[in-house]
Every structure is written in C-alpha cells, then in structure tokens.
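Each residue takes its place number in the sequence, starting with 1. Just so you know, ligand 1 is whichever comes first in the structure, and atom 1 is the first atom listed for that ligand. Just so it is clear, the values below take in all heavy atoms, side chains as well, and ignore hydrogens, waters and symmetry mates.
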Amino acid sequence: MIKAAVIGNPIKHSRSPLIHNFWLEKFNVDGSYEPIKAENNKEFEKTVTRLVDDGYSGFNVTIPYKELAHEICDEYIDIGHISHYPSDLKAANTVKIQNGKLIGYNTDFFGFYKTIKSPLNAFNKNVIILGAGGASRSIAFGLANLKKYFWDSSSEPILTILNRNEDKAKTLIDDIYRSNLTTKKMNEKLKLVSGNFDDIYERIKGCNYIINTTPIGMSEENAQMPFDINCLKDGLTIKGNNIMRVYDIIYNPLETLFLKEAEKMLLLTHNGLGMLIWQAAVAFNIFFLDSDIENFEDKYLKKFNEINPELCAKLKREIG
Ligand code: ATR
C-alpha cells in the first residue's frame, strides 16, 4: 500500500484527505492519505522522520510549515508551471520521499494557473496581488516566470504586490528580481511595484487582475478588506465595461465578502476551489501515480478533467 499524508497546524480544516481519498478510489490505487497535526517545528521534523522510517511515499505541507519544509529538503524540482519551484521561492507544499531523500515541489502555482490560464492570456497584463506570504510568493514567482503568457505581450506588464507590512512586499519583489528567473532583458521590461493597502487607489487604475492571498474573508470577524472595495470600479475598463477579474484564493467560505462585493459590481470572480483541487492533483501524481511529473499533463490530465467535476460538487456540499 502506498502511504501519504498532509502535515499542518491546524489540520482539521484541511480538505486534502477528502480530495486524495476520492482520487485513490477513482484511480483504483491501493493507498492511504491521512491528516497529521504537528504542534511546533520540532514535532514537524519528528513527524517527517517517522514518515521516512515508515516508508511513506511523501507528504503535503500546509500552514505554517511550508518554509520549514523548504529548509529540510535535500533537492528541489522545478518543472515550469507544473511544479514551479525556483529555490528562492522558499516554500514547499509537496515533498516526495525517495530513497530516504526529501525532494521538494511547489504545486500551488499550477493550481492557480490552471484556473486563470485563458483569462490571463486574453488581456494586457496588469496584476495586483494582495498579501506577501507563502501563497503570494508562489503566485508572484509563477507569474514572473510565465514568459509566454505574462511577458510576451506588446504592452508593459505590471505586477504589484500590496501588503499590510510593506517591507515584506518589497522583499518579495527583490527576490524575484534577484532570482534566476528574470533575465536582464526581462528585468528592463518587467515592472514590479510594492506598496501597502492604501496604494490600491492609485494602482487599481487599468488593473485587469486582482488576487487576494491574505486570510481576510475566511472568518466573519475578519471579513472586510482594509480598503474601500468600491475602488475596484477603477479597474480595467473597455468600452465602458469594467472587465477586471477578481480572484480570491480562499475556498472556505466559497464566496468571501470580497467576491460578493465584486460580483455586485458585475466583475468576473474566481474562488480558491480550483486552485485547491489542481495543486492537489499534481501532488497526487507525485505520491501515487508517477513521480515523473513531466508526464502529468500528457498522461493524467484527461482523467482528472473527467472526474474532477464530481469532486468539485462533493467539496461544495462539504463546505456549504
Ligand atoms: P500563506 O502561506 O497562506 O500565504 P502566510 O505566509 O502566513 O500564509 O501569509 C499571510 C499573508 O496575509 C501575509 O502577507 C500577511 O501579512 P503580513 O505580512 O503583514 O503579516 C497577510 N495577512 C494576514 N492576516 C492579515 C490581516 N488581518 N490583514 C491584512 N493582511 C493579513
């Protein structure tokens, strides 16, 4: 039997066990996938040692251990948008155990990319990311690396990171400029901007994509964005119609206040359910199907596309 797990704290909220167990059945794989709570860093590392000793195939990592997982990995795998993981991204969400070695992947960007692929292709590229934590880092690095979709446009693309703590947004931008993703030529064209939430009023003009990666909206006590949402009306407008897209990576609730307000303004919205499912699909491939993930799109995407609507409906019922 092939064994895998997800480690985090808290872990009760995690939908990963439901998702992986659904696919284990559909792909007819003799496997198991369990949630494991690790109270602190020490316990996280002890758990990893136990999984290695017990012959696990690998594990997913969720809040707050993605950075620590990065630190303890022996190797990192970066395969374009499927596992987008330049070493300076510094956050692993999937770890494969191979001959006692820990091999890190970050499949978050694939999850994101899979749900925005066509819309992103359709417009000039002016993107705002709210937040500068682990999820923001994977999306920002991923977008910066999407030469074909993001940078090969005739217009000047702008990627803006706004965060409560502006220094963290600045560090993220510096890391992208410093990373081996960006060539000198790209750096000249690529406009990366950092700021805090007050800067949104100026930055929103002409923006065609805004992505919330903060936890604002996950709970009723913390539901209001720290700026006047009406400013979204100043996003990209074509022939009098505002066509900016609004993405919230939160999937519980399925519709945050941010998305509800955006919908009232007739903006196009996405929640985080697609990202959740597709980042997990690549991890499932790594643990249970074929650790050579270069084959993922050719060999397994069709099957996932067929069965995922049922999974999506199941998750929606669970989340409510
Ligand atoms: P994840 O891995 O999900 O991205 P994270 O690394 O803890 O989680 O990042 C959370 C992000 O949300 C951070 O950018 C954080 O801002 P700070 O860098 O200023 O801490 C942001 N965040 C968390 N709670 C927030 C709140 N109540 N208001 C605004 N931003 C918040």
For this session: Among Phe287, Phe22, Phe288, Phe284, find the residue that satisfies the ring pair (Phe, Tyr, Trp, His ring centres under 6.0 Å) test when tested with Phe27.
Result: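 When Phe287, Phe22, Phe288, Phe284 are each tested with Phe27, the ring pair (Phe, Tyr, Trp, His ring centres under 6.0 Å) holds only for Phe284.
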Exercise. Side chain to side chain contact (heavy atoms under 4.5 Å, CB included) with Phe59: which of Val48, Val6, Val52?
Worked result: Val48
Problem set entry | Modelled atom types, side-chain donor and acceptor of Trp23 and Asn285, under 3.5 Å |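 Side-chain D/A pair, Trp23 to Asn285: absent.
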For this session: Sequence neighbours left out, what passes salt bridge (Lys or Arg N to Asp or Glu O under 4.0 Å) with Asp292? Give chain and number order.
Result: none
Exercise. Can you find a pair of side-chain heavy atoms, one from Asp108 and one from Lys66, that are under 4.5 Å apart?
Worked result: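 Yes, close enough: below the 4.5 Å cut-off.
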For this session: Output yes when Lys302 and Glu306 qualify as a salt bridge under the 4.0 Å nitrogen-oxygen rule, no when they do not.
Result: yes
For this session: Using heavy atoms and a cut-off under 4.0 Å, could you grab the residues that are in contact with ligand 1, chain by chain, numbers ascending?
Result: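 Contacts of ligand 1 under 4.0 Å: Ile63, Gly131, Ala132, Gly133, Gly134, Ala135, Asn163, Arg164, Asn165, Lys168, Phe197, Thr214, Pro215, Ile216, Asn222.
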